Amino acid sequence: MSGRSLTEVLDQLEPHERPIVQSLTFDALRKWVRSHELIKQFIPKPPPVEVDHLLSVAIALFLQGSSDGKGYAAHTIVDQAVQACEQYDKTLYAKGLVNAVLRKVGLIVNPPEGEVRYPPDPIPMFFPPWWRANLKRNYPKSWQGLQIAQAQRAPLIVRVNTRQYTRDQYQELLNEANIAATPIEEVAGVKLNSALLLRDPVPVIDLPGFYSGAVSVQDSGAQVAATLLNPQPGEKILDACAAPGGKTAHLLELADCEMLALELDGGRLGKIAGNLDRLRLSSEHVRVVRGDASKAAWWDGQLFDKILLDAPCSASGIVSRHPDIPFLRREADIRTLQHKQREIMVQAWKMLKPEGLLLYVTCSVFPEEGEDQAQWFATEHANAVRLSSPGQILPTEANDGFYYALFKKNGS
């Protein structure tokens, strides 16, 4: 609520704390609209922020349990919320209030046998008015379904490192560990060879061979990128804006190419290197470099065969995995991001060999960051030939939202 990325904050927690804190926080954000309807019903005057947030978390636990049948007992939620009040000076006074409100909420969400259950808000999550208006304008028949889908918990999707196992072989390892998984064969017509969906998420430490590089967590929509770019042995490839390195690693899993992973954020460079080390993909042919993809200061002048440009964007397509995004994003950000995306595209094009491929990617569902940008780029660059690619991919149960445009450089 103070404007910081929740991912940044969670990264500062101890490893054993992060999963439960993330789960509680994400669910509170996903149920934000619904929980505040209930808070307002029983506390007409807005309570202090600390009490509001405590109630938000507790009510989200009621609502999540009601929707999936796997929640905590009502008395446990009430008891733990009251105990939490005792931990802080600013909430100590509110024990009675929290107890009373949550007992009433519990009766509404889980009413006695035979009574009408609390009718769910079709869109329980907060989306700012400008965001809703954008989706309504661009997806008039599906905007509500889009938001409902993004308010759900995302499934765990993994990418098998095919240098170590085929997908079938790794699925057998999961079966032996009593972890059910289903192959995702394709997304938007693009065949995927290494995507598996786990309906019941497990900690990564429970995934067989995770620390020896057998598998990575990556949405199936993101796995389209390396597949589309189709790396070949010996090709010189740039992954611009590469952190945390998932797409870099996927490219290297597919071919022994000469890879340069570029990232401006110094704090995220270590994640790229760490991922490559875990996957046993680090070598003298792989460089991780700090630099701004919109400028040439880092570049040695050697042209690339292929460039993956996963541009900074609103991240409006990955809300189910990052429910803080609608709270953080501002309408003015879209214009700023558009300008940055264009700067990076123009600079990347200069670094591409004749007949080379540039894949423009965003994890956005806003056309301003997708098709509008691709059309602008094609108009501005007479030597840019658009090749077949999925274009806009909307979020589903099996993938996040992405945009893909593939260009070939026709001559110099």
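Since we're looking at a predicted model, the values are computed, not measured. Heads up: numbering here begins at 1 and tracks the sequence.
Side-chain atoms of D27 never come within 3.5 Å of backbone atoms of V57 as a donor-acceptor pair (strictly under, hydrogens ignored). For T396 (side chain) and A398 (main-chain N/O), a donor-acceptor pair under 3.5 Å exists by modelled atom type. At least one donor-acceptor pair under 3.5 Å links the side chain of S389 to the backbone N or O of Y404. Side-chain atoms of Y170 come within 3.5 Å of backbone N or O of P208 as a donor-acceptor pair.
Geometric assessment of R34 against the ring of F62 yields a negative cation-pi assignment under the 6.0 Å and 45° thresholds. Geometrically, R342 engages W376 in a cation-pi contact, judged by NZ or CZ lying under 6.0 Å from the ring centre and within 45° of the ring axis.
Side-chain contact between Q152 and S320 is absent, with no heavy atoms from C-beta onward closer than 4.5 Å. Between E258 and E235 there is no side-chain heavy-atom pair separated by less than 4.5 Å.
Side-chain contact, T362 with S364: no donor N or O sits under 3.5 Å from an acceptor N or O. A donor-acceptor pair shorter than 3.5 Å cannot be found between the side chains of E368 and Q338. With 3.5 Å as the limit, one finds no donor-acceptor pair spanning the side chains of D219 and Q223. Between N399 and S220, the side chains place no donor N or O within less than 3.5 Å of an acceptor N or O (distance only, hydrogens not considered). No side-chain N or O of Q12 forms a donor-acceptor pair with one of E8 less than 3.5 Å apart.
Salt-bridge annotation for D292 and K340: present, with a side-chain N of the basic residue lying under 4.0 Å from a carboxylate O of the acidic one. K95 has a carboxylate O that lies under 4.0 Å from a charged side-chain N of E86, or vice versa, which qualifies the two as a salt bridge. We find that E369 and R335 are not joined by a salt bridge, their nearest charged nitrogen and carboxylate oxygen being 4.0 Å or further apart. Checked for salt-bridge contact, R163 and D256 meet the test: a charged N lies under 4.0 Å from a carboxylate O.
Legend: ring pair (Phe, Tyr, Trp, His ring centres under 6.0 Å) pairs involving residues 307-334, not counting sequence neighbours, sorted by first then second residue: W32-F327, F126-F327.
Side-chain rings of Y139 and W143 stay apart, their centers remaining 6.0 Å or farther from each other.
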